[in-house]
Every structure is written in C-alpha cells, then in structure tokens.
Amino acid sequence: MTILPQLTKALTKALSSLGYPEKEIKLSPPNNTNFGDLSTNLPLTLSKNLNKNPIEIGEIIRNALILPDKLIDEVTVTKPGFLNFKIGNAYYYQVLADILSNNQYGKNDFGKGQKANVEFVSANPTGPLNVGHGRNAVLGDTVSNLLEWNGYNVTREYYYNDAGRQMRVLGQSVEARYFEILGKVFDFPEDGYEGNYIKVIAQSLIDTHGDVLSVGDPIFKVEAEKTIFADIEKSLLGLGIKFDQFTNEKTFYENGEIDKFLEELRLKNLIYKKDGATWFRSTALGKDQDRVYIKSSGEPTYRVPDTAYHRDKVKRGFNLIIDVFGADHTDTYPDVLLALEALGIKTNHIRVLLYQFVTLIRGGKKVKMSTRKANFVTIDELVEELGSDVVRYFFIMRGMNSHLNFDLDLATDQSEKNPVYYLQYAHARICNIIKHGEDLDVSNTSDYDSTLLKDPSEMRLLKKLEKFPWIIENALHSLEPQTISNYLHDTANFFHKFYSECRVVTDDISLSEARIALVKGTKVVLGNGLSLLGITAPERM
RNA sequence: GCCCCGGUAGCUCAGCUGGAUAGAGCAACGGAUUUCUAAUCCGUAGGUCACAGGUUCAAAUCCUGUCCGGGGUACCA
C-alpha cells in the first residue's frame, strides 16, 4: 500500500477524534525537501473555522495523530502552518523491492473493464500529413498509451470526410492534371490542390488506364483518396502509430443515420429553413447564433456528419471518448455536443483535447502552412531528418495549450543535443552498468541489503521512482502527457547526478548489489515511461 | 465587436486543482574524465512571472480590466 492513502486516513481520523470539521486533505511533496517528503496545509485551512493560530492547530493535530509503525520518521509543524512528514527510508526500500518484482511498475487499474475511444489525426486525405498533423498524431497516440497504462481498452480511431467539398476538389485537381499531362484541354479548379503529388497520381492513372478516362470519371477521386491514404498510413507508421479503426463520413449517409438525426432535430423544432439553407437553431439552446446545417447547394456542412459520427461513437458504448482537435475546431465541437444533448444523449464522458497550432519557422520566418498550396513540411521529412523518437518527444514535451514554435533550422541543428537523448542516454548508461556488474558477477538483486542505500543522491533518486505511479494517475486525469516527459527528465537528471556521486560497482559487494538494485529500478521506470511516450529505450548509444 | 489559447531568463518552454527560496534546455562564461558511457556532472551569470487592480494568512497560479501575439467568429473543414 502506498503511503498517501495511509497518511490521509490517519489525518482524517485525527480530525474526527478532535471534533474538527471535515476538510479535503491535500498532501503534496514540498518544494524544499528540508521540510520533509509530504506536507499538508490543513492547519492553515482549519485556522478560520476554529479561529485559532495555525501553528497551534498543527501541534494539536500532530499530537492526535496515530501513525502506522515505522513509516514516518518525523512530523513537524512549520510556519505559517504546515504539517510536514518525513517518511522513513524503510518505506522507500519496500518500494524498490516492489519495482524490481514488477516490470509493469506504474500501471494501474483505474480503467479496468472500461472501453475508451480516442479519435485523432482525422485529416482528410487531400495531401501528405504536415507538421501540424504531427502534433495531433503524437498527442493522440500518447494519450491512447496513457489510457492503456491505466487499464483502459483503447480504440484508436481515424475519421475522415470523404463526401464533402474538399474531396471533390481533390478529384478535380487530379483530373485536371491528368488532361494536362496528356496535352489536352484542362480546367484546374480554383481552389485546387497544387502539390506535386497530385501530378504523380495523375501520371499513375495514365500508366494504368492510358488516355481513355473521361471528364467526371469518379476514378480520379477514388484513386487520389486511395493513394494519399496509403501514404498517410505509412507516415503514421513512421511515428509508430497504428489505428484500429477508420471511419468515414459516407457511412452515415449510406446507413441513413444522418437523415434520422436531422429528422429528430426537426421534431424538436431545432431545424428551420431560411434563404434556401437549413439551419440548426442553436440560439434556442443558449448559443449566440444559429448555424447552417445544409447549404443552399444541398450539401451538408461538416457539423452534420460530425454529429452523426459522435452519436455513433456514443452508441458504441465507450466509457470514455476523446477527440483530439486543432484550435480551428474551438468553435465547432461545442455545437456537436449541443446537438447531441438536445437529443438526450449524454456527453459528459466526451473529452475534447484542443491543441494550439504549430508555427513553423524556417530561415527565421514564419511559414504559413497550407495543404492546398502545398506549402508545408511533411511528417515524413521531419521523421527522416530527426527520427521518430525526437519528433515524438518534441511534440509531447510541451503543453497542448501552448503555441508551438517549430524552428526547423534549430531542430536540425540541435538534433545532436536534443533533450530526448538525455533520457535515452540515462537508460543506455544503466544498461551498461548492469552489464558491467554481471561481468564482475555483481548482479544479485534478490536479497541485497537495501539499508545500504542512504546517500542523498541515492535517496533522492529512489524517492523520485516512488512517484511514478502517482504521475501516471495524475496524467490520466489531466490528459496532459507533458507531465510524464517532465517527470522522466527529472528522473534521468537524478540518475545522472547519482551516477556522478556514487560509483555503482566497487569492491564492496554488498553496497554494489544494493546500488545495482537501485539502478535496475531506475531502468524499469525510465523504460516504462519511454515506452508510454512511444520512444525507444536503447541499450547503448 | 464577441469567443478560445497564450504572454515566465537572451531564445524555446516547464511550473498554473493557490503554499514555503520561480525552474529546465539551448545560448554565454569557468571547472570536472588514470573511473561502471563526458550524449554526463559541478559552478557563474541571467527574472518587475505583460501591466493595473481585487480575493486570501498566502497569487506566476484564482477573479476583473487593459495591452500584445495566435486561432475562431463562413452556406470552408
């Protein structure tokens, strides 16, 4: 049993035995380790209720506390009113033993028996994936990993619109290039896709079908979609990302779900016609404007299939549904949820992760990315240049709410000293130490004497390892994977410091064995953390 | 105009469910290698946490306003 719940319980008991009001008990490690390992501000928060000096309250609680044996070395009360606990080393030694007996250390059961769906990337197949999609892809995949680490059964899902304007224009673009290459009259669409890959697809159509294709042949669009999608899947695989399910918009037209959904809204008087278009009466549900559902051209806006799709996901019975969207969806997903709620569908298990845009900087200048204009840096280029590990770490180490300035030149220059290597190097170093120990026959970690671990750098590292499950649990609630990369960086840092302070394998066999145990424990944490982030943990570098 | 995100060291960013002395990487400068990997470690320097109010015993963190940057506010997605 971890120490946090035990202490919380002891504090709760003390409060009730004193007749003090119930308070939420928050225990957290203080910044300054001189205060101990865990602190609570309980005396401060009680001070107002009791109209008493917080220090005095702290002392009273301290005296009333009944603590588990040998777990806590010391309890102190410090100004302005904190209650601090110094945890005994024995507890941490036990944690190390736990880690060594469980190479899944860090995993938990919070999501056991529960199904989660993570929808991400979801780029329409109109061109290669660019840097912006990269952030989405890595974020979605890492969150999926995180859910799996918390026991969820996760479906990674990619949704795309294959019935809308974008794909139509894509087909027209290919068609135009086809006739252009054949030297015939062609009409390049106004908003056509200008990338070279369009010409490649057109050429392959010529190679397989010759010049017999005629204007408006559906094959242009079909072939483009097929080819580009294959490329997208390959790009994602380059980042170690594999989807369980692809769902497309067309499905919901064909199975009647969209008509059904519109009809239900109509029955609730939430749909009306105006100016030849069909509108969603979102103002009736508290929004400040209505939205067009079906354009006067007869083409539905993307909100319509999107809502039908989300209803479908809800129906599939997931306990948790996560959408990973770029900031351009900020204003649109609330309408989707609103429509679902209007139909009596619960949406409180849907969580939307909005990430801010990636600003690409090249040659000191911002590059405005556009798939249509073929002005972008692709994921393939990025992965080829930096490697999957670096790309993944780069995208995940920053919070999703921050705009990401991606300086391509800098990323290339710094690839040699990229922060991800710091973590990987620690892991490789560990592997080497373990190997060195084995060569000298110092590898017994089944009955080592853990009490020999008492150097400050050893204890600091060990205490860090103890936090790992707690980090995973917190990341589950916040769904902010950067907390994990931050943690791993700290862990690697503490390890490197320990390494420079303490020689692991020496003539002192007992001490060596104890230190090997600590090193192996660190390896488990770093290895597990890296695998959660989808980053390799090399044995040597 | 309105909505969302951000503004923290020269640069890129952590920290934000309020806590005790605000951090890291890069860049700058100075050290450490007869040693299990120097892709490391130690040290120096670098801050009005955009600004102004407010709440609180306590604010980078919460609230209000202002300024600046990005995104949205389309019968584009």
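Below, chains carry the letters A, B, ... as their sequence lines are ordered, and counting in each starts from 1.
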Peer 1: Flag the pair A:F82 / A:F35 as yes when at least one side-chain heavy-atom distance between them is below 4.5 Å, and no otherwise.
Peer 2: no
Peer 1: Using a heavy-atom cut-off of under 4.0 Å over every strand shown, decide if A:G326 touches base, sugar-phosphate, or nothing.
Peer 2: nothing
Peer 1: Does OP1 or OP2 of B:rC41 have a side-chain N or O of A:Y422 closer than 4.0 Å?
Peer 2: yes
Peer 1: In whole angstroms, how far is the P atom of B:rC4 from the CG atom of A:D335?
Peer 2: 14 Å
Peer 1: Please confirm whether A:H496 and A:Y425 have ring centers closer than 6.0 angstrom.
Peer 2: yes
Peer 1: Strictly by Watson-Crick or wobble contacts shorter than 3.5 Å, is anything paired with B:rU61, and which nucleotide is it?
Peer 2: none
Peer 1: Using purine N1 to pyrimidine N3 plus N6-O4 or O6-N4 for Watson-Crick, or N1-O2 and O6-N3 for G-U wobble, both under 3.5 Å, which nucleotide pairs with B:rU34?
Peer 2: none
Peer 1: Can a donor-acceptor pair be found between the side chains of A:T332 and A:D335 at a distance below 3.5 Å?
Peer 2: no
Peer 1: Expressed in angstrom and rounded to an integer, what is the separation of A:E249 atom CD from B:rA77 atom P?
Peer 2: 9 Å
Peer 1: With under 30° as parallel and over 60° as perpendicular, where do the rings of A:Y158 and A:F229 fit, or are they tilted in between?
Peer 2: tilted
Peer 1: For a quick test of reading the model: is some side-chain N or O of A:Y499 closer than 4.0 Å to OP1 or OP2 of B:rA38?
Peer 2: yes
Peer 1: Go through B:rC75, B:rC57, B:rC41 for me and flag the one nearest to the A:L44 side chain.
Peer 2: B:rC57
Peer 1: Has A:N32 got a side-chain N or O lying under 4.0 Å from the OP1 or OP2 atom of B:rU21?
Peer 2: no
Peer 1: Using the rule for Phe, Tyr, His and the six-membered ring of Trp, do A:F82 and B:rG19 stack at under 5.5 Å and under 30°?
Peer 2: no
Peer 1: Go through the N and O atoms of the side chain of A:S39 and the base of B:rA20, and report whether any donor-acceptor pair is under 3.5 Å.
Peer 2: yes
Peer 1: Expressed as a whole number of Å, how far does the C1' atom of B:rA14 sit from that of B:rC76?
Peer 2: 36 Å
Peer 1: Rounded to the Å, how far apart are A:F325 CZ and B:rC3 P?
Peer 2: 23 Å
Peer 1: Choose from B:rG71, B:rG69, B:rA38 the nucleotide whose nearest atom is closest to any side-chain atom of A:H403.
Peer 2: B:rG69
Peer 1: What integer number of Å spans the P atoms of B:rC42 and B:rU33?
Peer 2: 15 Å
Peer 1: From C-beta outward on A:R503, which listed nucleotide comes closest to its side chain: B:rG25, B:rG72, B:rC36?
Peer 2: B:rC36
Peer 1: Give none if B:rU17 has no partner; otherwise give the nucleotide forming a Watson-Crick or G-U wobble pair with it, both distances under 3.5 Å.
Peer 2: none
Peer 1: From C-beta outward on A:N405, which listed nucleotide comes closest to its side chain: B:rC13, B:rU40, B:rC36?
Peer 2: B:rC13
Peer 1: Using atom C1' of each nucleotide, how far apart are B:rU8 and B:rG69 to the nearest Å?
Peer 2: 15 Å
Peer 1: Would you indicate whether the side-chain heavy atoms of A:F280 and A:L265 approach each other to under 4.5 Å?
Peer 2: yes
Peer 1: Consider the side chain of A:T78, meaning its heavy atoms from C-beta on, and name the nucleotide among B:rA20, B:rC13, B:rC57 that approaches it most closely.
Peer 2: B:rA20
Peer 1: In the structure shown, which nucleotide is the Watson-Crick or G-U wobble counterpart of B:rA45, with both distances under 3.5 Å?
Peer 2: none
Peer 1: Sub-3.5 Å donor-acceptor pair from the side chain of A:H477 to the main-chain atoms of A:N474, do we have one?
Peer 2: no
Peer 1: If only side-chain N and O atoms of A:Y425 are considered, is one of them under 4.0 Å from the OP1 or OP2 phosphate oxygen of B:rA39?
Peer 2: yes
Peer 1: Using atom C1' in both nucleotides, what's the gap between B:rG53 and B:rG19 to the nearest angstrom?
Peer 2: 22 Å
Peer 1: Taking any heavy-atom pair under 4.0 Å as a contact, classify A:D490: base, sugar-phosphate, or nothing.
Peer 2: nothing
Peer 1: With respect to the side chain of A:S402, which nucleotide from B:rU40, B:rA14, B:rU35 is positioned closest?
Peer 2: B:rA14
Peer 1: Paired with B:rA50: which nucleotide, if any, by Watson-Crick or G-U wobble criteria at under 3.5 Å for both distances?
Peer 2: B:rU66
Peer 1: By the 4.0 Å heavy-atom rule, please label A:C502 as base, sugar-phosphate, or nothing.
Peer 2: base
Peer 1: Mapping A:N474 and A:E501 to their closest nucleotides on RNA chain B, which lands nearer the 5' end?
Peer 2: A:N474
Peer 1: Quick one: label A:A426 by what it contacts on the DNA or RNA (base, sugar-phosphate, nothing), any heavy atom closer than 4.0 Å.
Peer 2: nothing
Peer 1: In whole angstrom, give the distance that lies between atom CG of A:N418 and atom P of B:rG25.
Peer 2: 14 Å
Peer 1: So A:L354, base contact, sugar-phosphate only, or nothing? Heavy-atom distance under 4.0 Å.
Peer 2: nothing
Peer 1: When you measure from the side chain of A:K48, which nucleotide among B:rU56, B:rC36, B:rC75 comes out closest?
Peer 2: B:rU56
Peer 1: Between B:rU12, B:rU40, B:rC41, spot the one nearest the side chain of A:R429, thanks.
Peer 2: B:rU40
Peer 1: If you measure from the P atom in B:rC11 to the same atom in B:rA50, how many Å do you get, rounded?
Peer 2: 14 Å
Peer 1: Tell which nucleotide pairs with B:rU56, taking only Watson-Crick or G-U wobble pairs whose two distances are both under 3.5 angstrom.
Peer 2: none
Peer 1: Can a donor-acceptor pair under 3.5 Å be found between the side-chain atoms of A:N84 and the base atoms of B:rA20?
Peer 2: yes
Peer 1: Counting only side-chain heavy atoms from C-beta out, which of B:rA14, B:rA20, B:rA74 sits nearest to A:R291?
Peer 2: B:rA74
Peer 1: Check every atom of B:rA14, B:rA77, B:rC41 against the side chain of A:H496 and return the nucleotide holding the closest atom.
Peer 2: B:rC41
Peer 1: Examine B:rA20: is either OP1 or OP2 under 4.0 Å from a nitrogen or oxygen in the side chain of A:K79? Give yes or no.
Peer 2: no
Peer 1: When you check the gap from the basic side-chain N to the acidic O, do A:E59 and A:R62 get nearer than 4.0 Å?
Peer 2: yes
Peer 1: Identify whether any heavy atom of A:S296 sits under 4.0 Å from a base atom; if not, whether one sits that close to sugar-phosphate; answer base, sugar-phosphate or nothing.
Peer 2: base
Peer 1: Any strand is fair game: report the nucleotide pairing with B:rC11 by Watson-Crick or G-U wobble, both distances under 3.5 Å, or none.
Peer 2: B:rG25
Peer 1: Hey, does the side chain of A:Q289 come within less than 4.0 Å of B:rA74's phosphate (OP1/OP2), counting only N and O?
Peer 2: yes
Peer 1: What contact category does A:N401 fall into here, base, sugar-phosphate, or nothing, at under 4.0 angstrom with non-hydrogen atoms?
Peer 2: sugar-phosphate
Peer 1: Are the side chains of A:I516 and A:Y448 in touch, meaning some heavy atoms are under 4.5 Å apart?
Peer 2: no
Peer 1: Would you say A:K26 places a side-chain N or O within less than 4.0 Å of OP1 or OP2 belonging to B:rG18?
Peer 2: yes
Peer 1: Just N and O in the side chain of A:N493: are any of them under 4.0 Å from OP1 or OP2 of B:rC41?
Peer 2: yes
Peer 1: Given B:rG15, is OP1 or OP2 found less than 4.0 Å from the side-chain N or O atoms of A:Q482?
Peer 2: yes
Peer 1: Give a yes/no on whether any side-chain N or O of A:K295 is located under 4.0 angstrom from OP1 or OP2 of B:rA77.
Peer 2: yes
Peer 1: When the C1' atoms of B:rG31 and B:rC67 are considered, how many whole Å apart are they?
Peer 2: 45 Å
Peer 1: In terms of the nearest nucleotide of RNA chain B, which residue is placed more toward the 5' end: A:M541 or A:R303?
Peer 2: A:M541
Peer 1: Under the 3.5 Å rule, do the base of B:rG19 and the side chain of A:N41 count as making a donor-acceptor pair?
Peer 2: yes
Peer 1: Should the side chain of A:T301 and the base of B:rC75 be counted as holding a donor-acceptor pair, with the cut-off at 3.5 Å?
Peer 2: no
Peer 1: When the P atoms of B:rG54 and B:rA60 are compared, how many Å lie between them, rounded to an integer?
Peer 2: 15 Å
Peer 1: Any idea how A:F120 and A:F243 line up, ring-wise: parallel (<30°), tilted (30 to 60°), or perpendicular (>60°)?
Peer 2: tilted
Peer 1: Can a donor-acceptor pair be found, under 3.5 Å and without considering hydrogens, that links the side chain of A:D290 to the backbone of A:T283?
Peer 2: yes
Peer 1: Distance between the P atoms of B:rA9 and B:rA52, in whole angstroms?
Peer 2: 16 Å
Peer 1: Whole angstrom is fine here: how far is it from CZ in A:R398 over to C1' in B:rA24?
Peer 2: 9 Å
